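What you see is a predicted model; the values in this text were computed from it and never measured. Starting from 1, each residue takes its place in the sequence as its number.
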Amino acid sequence: MGANLKLLTGDKLFVLEDFNMIGRSEEASIRIDDAGISRQHASIRREGGHYWLVDLGSANGCYVNDMALTSAQALRSGDKLQIGGAVFIFDQNEGSGGYQTTRVGMKTQVLKRNLVAMKRTQATLLVGDLKGFTHLSSQIPAEQLAELLREWYADCNAIMKRNGAMIDKFIGDCVFAYWPSVGDDIRAKAVEAARALRAAEIDAQSPMRKKLRESKGIILDCRIGLHLGEVALGAMGKGINTALGDAVNLAFRIEGLTRQTNKQVLASSAFLEGWEDGAPLFETCGEFDVKGHPVKLEVFSLKF
């Protein structure tokens, strides 16, 4: 079930963990000293038997088999990854990612690909979005904005990994993550992840974050929506793995209500239903009309 990256220059081998940060930063698990690589350039994360490559808004992008990476992509054994000036070969144990392959030198012949069927399951959902990002974008240069977003992506990755969540996708200044379970312990982890996302900006000590705070008063304000319900999980096609369903749409709507209520973290009544230990953590904000739903939705604000 393991996988590794082989750096073609120097034959260095990196054994992949469940989450791997690639970049020049000292915090990167795969650290490459290359001027063409951003401090937090890309990540490779494991979901089930697949390893997914995600570009973190890098200046020079990522390439898989000489094709520019435009969205999260599932890797196959033998894929060539170019990150800055570094070129890697991705190698995964046969059968662990739905592929059976044979290796001829550095080329891969795909003999069979087993499609991962969509499955329906109850899931706990988290949507985080940066408030006022459009205005923020007008205040700083594009390259500084990209670096700021890369740092925030790295914060999200670390927090979600620590709390056992799967990041479905980043959409600009928004993150969507889920847990494929709805137990009390999972909901507690979702609340902990929400608190950690709020605290990440306060705890951030990078020179850029400090400078933006001191010179422009820029503080990232992550607003969060929590929900649970039935979703469809699985692969929608090459490089596209996601959660779908009405519950996902509601999670995004709930996050949107944080502006209307001026609250930092909102949860649905479904998120709190049957969770006795969770009730004291929240207070009601009332019922609201939600686009696409015939009845009002009651939401609850997390106490800080």
Exercise for the section: Walk me through it: do Q73 and W52 pass the test side-chain contact (heavy atoms from CB on, under 4.5 Å)? Expected result: CA-CA 5 Å; Q73 181 169 327; W52 293 78; 5.5 Å; no
Checking the side chain of [X] only, and the main-chain atoms of [Y] only, is there a donor and an acceptor separated by less than 3.5 Å?
| X | Y | value |
| --- | --- | --- |
| R198 | Q264 | no |
| N4 | L13 | no |
| D34 | G36 | yes |

Handout entry: Stepwise side-chain contact (heavy atoms from CB on, under 4.5 Å) check, V54 with I44
Key = CA-CA 6 Å; V54 178; I44 296 177; over 6 Å; no
Exercise for the section: Before giving the answer on side-chain contact (heavy atoms from CB on, under 4.5 Å), spell out for I218 and L136 the whole-Å C-alpha distance, their side-chain angles and the decisive distance to 0.1 Å. Expected result: CA-CA 8 Å; I218 290 176; L136 187 155; 3.6 Å; yes
Handout entry: Counterpart residues, side-chain contact (heavy atoms from CB on, under 4.5 Å), relative to E151 (two or more places apart)
Key =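 Listed in chain order: Q40, E147, S206, M208, R209.
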Practice task
Just jot down the side-chain contact (heavy atoms from CB on, under 4.5 Å) partners of L130, sequence neighbours excluded, or say none.
Solution key: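 L130: side-chain contact (heavy atoms from CB on, under 4.5 Å) contacts with F133, L149, W152, D173, L220, C222.
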Practice task
Go through R31 and D33 one step at a time and tell me if the salt bridge (charged side-chain N to carboxylate O under 4.0 Å, His left out) criterion holds.
Solution key: CA-CA 7 Å; R31 186 167 183 256; D33 189 12; 5.9 Å; no
Practice task
Take D129 and R223 through the salt bridge (charged side-chain N to carboxylate O under 4.0 Å, His left out) test and state the conclusion after the steps.
Solution key: CA-CA 5 Å; D129 187 74; R223 299 300 177 95; over 6 Å; no
Exercise for the section: Please name the residue in the list R253, E298, H227, E273 that meets the side chain to side chain donor-acceptor pair (under 3.5 Å) test with S268. Expected result: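 So the option named by the test is H227.
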Exercise for the section: Please collect all ring pair (Phe, Tyr, Trp, His ring centres under 6.0 Å) contacts where either partner lies in residues 254-304, sequence neighbours excluded, each pair once. Expected result: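 Qualifying pairs: F271-W275.
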